Amino acid sequence: MKRRELLRAGILGGAAAATLRPSIASADNHELDPELTPAQNGVDASNELTGPGWKPLFLDEHQNETLIVLSDLMIPATDTPGAKEALANRFIDLLLAAEKSDAQRAFLDSLSYLDGESMRRYKRAFRYLGREDQDDLLASMAYPRSSSPWTGEGSKPDVGHAHFEKLKQRIATAYYSSEIGTRALGWDGAFAHGPYKGCEHPEGNHK
């Protein structure tokens, strides 16, 4: 099975946080199978997304920095941490590394459209704009154009809004899948199933 298929299988199976590079040494120093993910090799890599040495698996440096800026604008920190603090960009990068080429291309197309509009209007890439210009550009894409019954203006598909929605959905999903996001929704850190207890009967007495 190809590396990408293994990654995808691990993530979609609920192992997203542990599906990282196979270069991590296992606790008992057993040799790792390079064709398997760390999770499949029995390695707990759940903390690598938050590590200081983290590097994108799929996005390049500019794309990753643009995504950080965008996520911070869409879900900023208020009385709770925002998408930047939740490392939404890292989770998105991890998922993209495991997805099929069509999904990868669709995300990059939306990110490129944002930069393209920024260059067309302001002659600078989106990440380098001032906050006011970033807000203005996003506001122009956030709402679909209303069609005019007289001129027909706006009756065509609103490409900019479609790209905005795709990016927003990715960021919101990453944020509300994180511990920070779930706590913002009211989660108190307790697991619904509670602790698993073993048999408490005296030995040999299971009545």
Side-chain angles (χ1 to χ4, degrees), residues 4 7-8 11 15-21 23-24 45-143 159-185 187:
R4 180 175 296 164
L7 274 167
R8 186 168 183 267
I11 288 175
T19 311
L20 298 170
R21 301 181 188 87
S23 60
I24 305 170
S46 59
N47 293 325
E48 184 152 324
L49 282 181
T50 60
W54 177 87
K55 292 182 180 180
L57 294 173
F58 175 73
L59 300 171
D60 64 28
E61 186 271 340
H62 176 73
Q63 292 163 346
N64 182 58
E65 291 299 322
T66 300
L67 183 55
I68 292 173
V69 171
L70 180 61
S71 66
D72 191 40
L73 288 163
M74 287 190 167
I75 308 180
T78 53
D79 56 335
T80 58
K84 180 178 179 179
E85 291 76 15
L87 304 177
N89 65 300
R90 299 186 182 190
F91 186 75
I92 292 171
D93 174 77
L94 177 61
L95 293 182
L96 286 170
E99 290 186 345
K100 294 183 178 180
S101 58
D102 288 348
Q104 293 173 335
R105 191 179 307 111
F107 180 83
L108 294 183
D109 284 349
S110 294
L111 211 56
S112 296
Y113 182 91
L114 180 65
D115 254 350
E117 282 297 291
S118 181
M119 292 296 297
R120 184 177 69 83
R121 300 186 192 190
Y122 306 104
K123 311 303 180 186
R124 301 180 72 188
F126 181 77
R127 62 183 281 205
Y128 299 120
L129 296 180
R131 179 61 180 262
E132 184 176 350
D133 288 338
Q134 289 173 340
D135 285 338
D136 287 345
L137 179 55
L138 291 180
S140 70
M141 298 169 60
Y143 304 98
V159 178
H161 178 65
H163 284 304
F164 177 89
E165 285 295 315
K166 290 177 183 178
L167 293 169
K168 182 180 73 173
Q169 182 179 18
R170 283 279 190 176
I171 291 170
T173 299
Y175 177 70
Y176 289 111
S177 296
S178 70
E179 181 176 344
I180 286 177
T182 52
R183 287 185 182 277
L185 292 174
W187 180 54

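Fair warning: this is a prediction, and the values are worked out from it, not measured in the lab.
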Check: [Y] main-chain N/O paired with [X] side-chain donor or acceptor under 3.5 Å:
X	Y	value
Q169	K166	no
T66	H62	yes
D93	L59	yes

Over all atoms of both residues, closest heavy-atom pair of [X] and [Y]:
X	Y	answer
A125	S118	C-OG, 3.4 Å
A184	Y175	CB-OH, 3.6 Å
A142	E165	O-OE2, 4.3 Å

Tell me which pairs pass ring-ring contact (aromatic ring centres under 6.0 Å, His included) where either residue lies in residues 121-141, with sequence neighbours left out.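 The answer is none; no pair qualifies.
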Looking at side-chain heavy atoms only, is the closest gap between [X] and [Y] below 4.5 Å?
X	Y	value
L114	L137	yes
P56	Q63	no
F91	S177	yes
R121	D133	no
L67	L167	no
L94	L57	yes
L138	Q134	no

Sequence neighbours left out, what passes side-chain hydrogen bond (donor to acceptor under 3.5 Å, both in side chains) with D79? Give chain and number order.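 Result, side-chain hydrogen bond (donor to acceptor under 3.5 Å, both in side chains) vs D79: none returned.
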Rounded distance (nearest 0.5 Å) linking atom [atom1] of [X] with atom [atom2] of [Y]:
X	Y	atom1	atom2	value
S178	E85	OG	CD	10.5 Å
I75	K168	CD1	NZ	10.0 Å
L111	I92	CG	CD1	9.5 Å
K55	N64	NZ	CG	12.5 Å

NZ/NE/NH1/NH2 to OD/OE distance under 4.0 Å, D135 and R131: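 Salt bridge between D135 and R131, a charged N being under 4.0 Å from a carboxylate O: yes.
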For the pair E99 and R170, find out whether any cationic side-chain nitrogen is under 4.0 Å from an anionic carboxylate oxygen.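 Answer for the salt bridge query: yes.
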Check the surroundings of atom CD in E61: do more than 12 heavy atoms from other residues, nucleotides or ligands lie under 6.0 Å from it?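 Result for CD/E61: enclosed.
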Holding to salt bridge (charged side-chain N to carboxylate O under 4.0 Å, His left out), I want the full list of residues that pass it with K84, two or more places apart in sequence or in another chain.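 Once residues adjacent in sequence are excluded, K84 has no partner under the salt bridge (charged side-chain N to carboxylate O under 4.0 Å, His left out) criterion.
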CA sep, side-chain torsions, deciding dist, call: Y113, M141, side-chain contact (heavy atoms from CB on, under 4.5 Å): CA-CA 11 Å; Y113 182 91; M141 298 169 60; 3.9 Å; yes
Could you walk me through whether L87 and W54 satisfy the side-chain contact (heavy atoms from CB on, under 4.5 Å) test, starting with their C-alpha distance in whole Å, then the side-chain angles of each, then the deciding distance to 0.1 Å, before giving a yes or no? CA-CA 11 Å; L87 304 177; W54 177 87; over 6 Å; no
Please test L96 against L108 for side-chain contact (heavy atoms from CB on, under 4.5 Å), starting from the C-alpha separation and ending with a verdict. CA-CA 10 Å; L96 286 170; L108 294 183; 5.7 Å; no
